[in-house]
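Numbers restart at 1 for each chain; the letters A, B, ... are given by sequence-line order, proteins then strands. Below, each value reflects all heavy atoms present in this structure, side chains not excepted, and no hydrogens, waters or symmetry copies.
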Amino acid sequence: MRSSRPSLSDLGRFSDPSLLILSSLASEPKHGYAMIADIEQFSGTHLEVGTLYGALARLEKQGWIEPLPMIERRRPYQLTGTGKAVLREQLATMSRVVSTGLQRLSPA
Amino acid sequence: MQQIPKDTHTHSPWMVWAKRLIQLYPADWRERYAEEMLGILEEHPPTFWTLANLFISLCDAHLHSDLVSGGMFSVAKQFYSSVTTIFSVGLMFCLLSFALPLVLTDVFRTAIPLHQVTTLHFFQPMLFALNSLSYLLVIFLVLCGASLFFSSGMQAFKTHRILSFFLYLFSALCPLIALLVSSLVEEYAYSLYLRDVLKTFHLSLSGSINLMLFLVSLLFGLVFFLIIVMGIWALRVALRRVVPGIRSTNLLFVSATMISVIMLVYSCSLLFLSLYSFSSGFGVQIGIALNERTGVLLLISILLTLYSLMRAHQARRTLTTLAR
């Protein structure tokens, strides 16, 4: 059953890149290139420019991230309060899935 | 982070194509993200997969152009763009709907006098309904034109842009002018016909083509077409000079939606009439000919209707954003 609360799954095929972006922004505000490098470093996934900005546009529209003033052709983005809540909830769900999966895999 | 010198990549073929693709993004999207995207591409050289990804994102950006909007002005601009497109499409549809009786009755081949062409549909409920829809379309076109005029024409008048004011006024009144002038042309030609002035032109070419009817129909169509095209042109020129204000928005939306709905009802009725005529021989009984010209007319009307409905849907979405 779908929850009426906003969640990353509302973003369709952009839900996975969005999770990576939100996780990247969780530590500090970053601009596009820094996000690509950070995501590649912590997840091994290389986000292409088109996908990055498709996801950023959706996250901005949802009000989960917000742009900061541009510095030399680079615009940093930061998480909003709602964005933090959505990320926390998504990570908690994933954590439950991970622990349940690991528990069931381990020998009884 | 070491920045890669510009010259290394700006001339690479991948970079050239990446720039071209970014130029094809919607204007609001480009305004918002192009600079940042190019900045990243200069630091991180694009590959074939970057281009493929940019192309997919380009399609996505066009399909979801409402994701990025440059504030209320941009949203209002999108709304007015949809409405004026519906208005223009409605005008073209109007021309098509008034041409329908001439095409249906196949006047050029059956040599039916022009007065019978205009009176024939009053005896056939379906043709009468189609004809009434054409007049209803004119009413809503005038209403839509009037709303545009009050939201922008008056603004032009107040700011002393008299040319823009008259362009808006003309585009608002052009459905009525077209109807009036073409009716006058038709009546005048028919009165000449009655007085036997033009009877000398009532020649039979290739056995059954009525030259007089052909000339009058051509004149009728040309006058109508010219006025409609001038109306669309006037509206486009006026819009470049004075951007519509927010006044009369609801009336504009209602009339634009009604134009689309009337076009839908008209196209469905025409489709029904065509299918019914083909299956029952109804067309032969009342002397109307359903041929390739009717088919083309039907196809054009369906395409115009679908386009108009799509723009009405866009207008509804942008109006919701404006209301928020």
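- Between atom NE2 of residue B:H44 and atom CD of residue A:E40 there is a gap of 6.0 Å, rounded to the nearest 0.5 Å.
- Of the atoms belonging to B:L38, heavy atoms from both backbone and side chain fall under 4.5 Å from chain A.
- Atom CG in B:L54 sits 7.5 Å away from atom CD in A:E48 (nearest 0.5 Å).
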Evaluate the side chain to side chain donor-acceptor pair (under 3.5 Å) criterion for residues B:E42 and A:Y33: first the C-alpha distance (whole Å), next the side-chain angles of each, then the deciding distance (0.1 Å), finally the verdict. CA-CA 10 Å; B:E42 278 168 15; A:Y33 187 73; over 6 Å; no
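- Across every non-hydrogen atom of A:T51 and B:N53, the tightest pair is OG1-ND2, 2.6 Å.
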Could you give the side-chain donor-acceptor pairs of residues 93-100 of chain A under 3.5 Å, partners two or more places apart or in another chain?
| unit_1 | atom_1 | unit_2 | atom_2 | d |
| --- | --- | --- | --- | --- |
| A:T93 | OG1 | A:E89 | O | 2.9 |
| A:S99 | OG | A:S95 | O | 3.2 |
| A:S99 | OG | A:R96 | O | 3.1 |
| A:T100 | OG1 | A:R96 | O | 2.6 |

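- To the nearest 0.5 Å, atom CG of residue A:L56 and atom CD of residue B:E36 are 7.5 Å apart.
- The number of heavy atoms from other shown groups lying within 6.0 Å of CZ (B:R20) is above 12.
- Within the 4.5 angstrom heavy-atom criterion, atoms from both the backbone and the side chain of B:W49 approach chain A.
- Taking the six-membered ring for Trp and thresholds of 30 and 60 degrees, B:Y33 and A:Y53 have ring planes inclined between 30 and 60 degrees apart.
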Give the C-alpha distance, both sets of side-chain angles, the deciding distance and a yes or no for salt bridge (charged side-chain N to carboxylate O under 4.0 Å, His left out) between A:R74 and B:E35. CA-CA 8 Å; A:R74 291 167 170 183; B:E35 191 73 9; over 6 Å; no
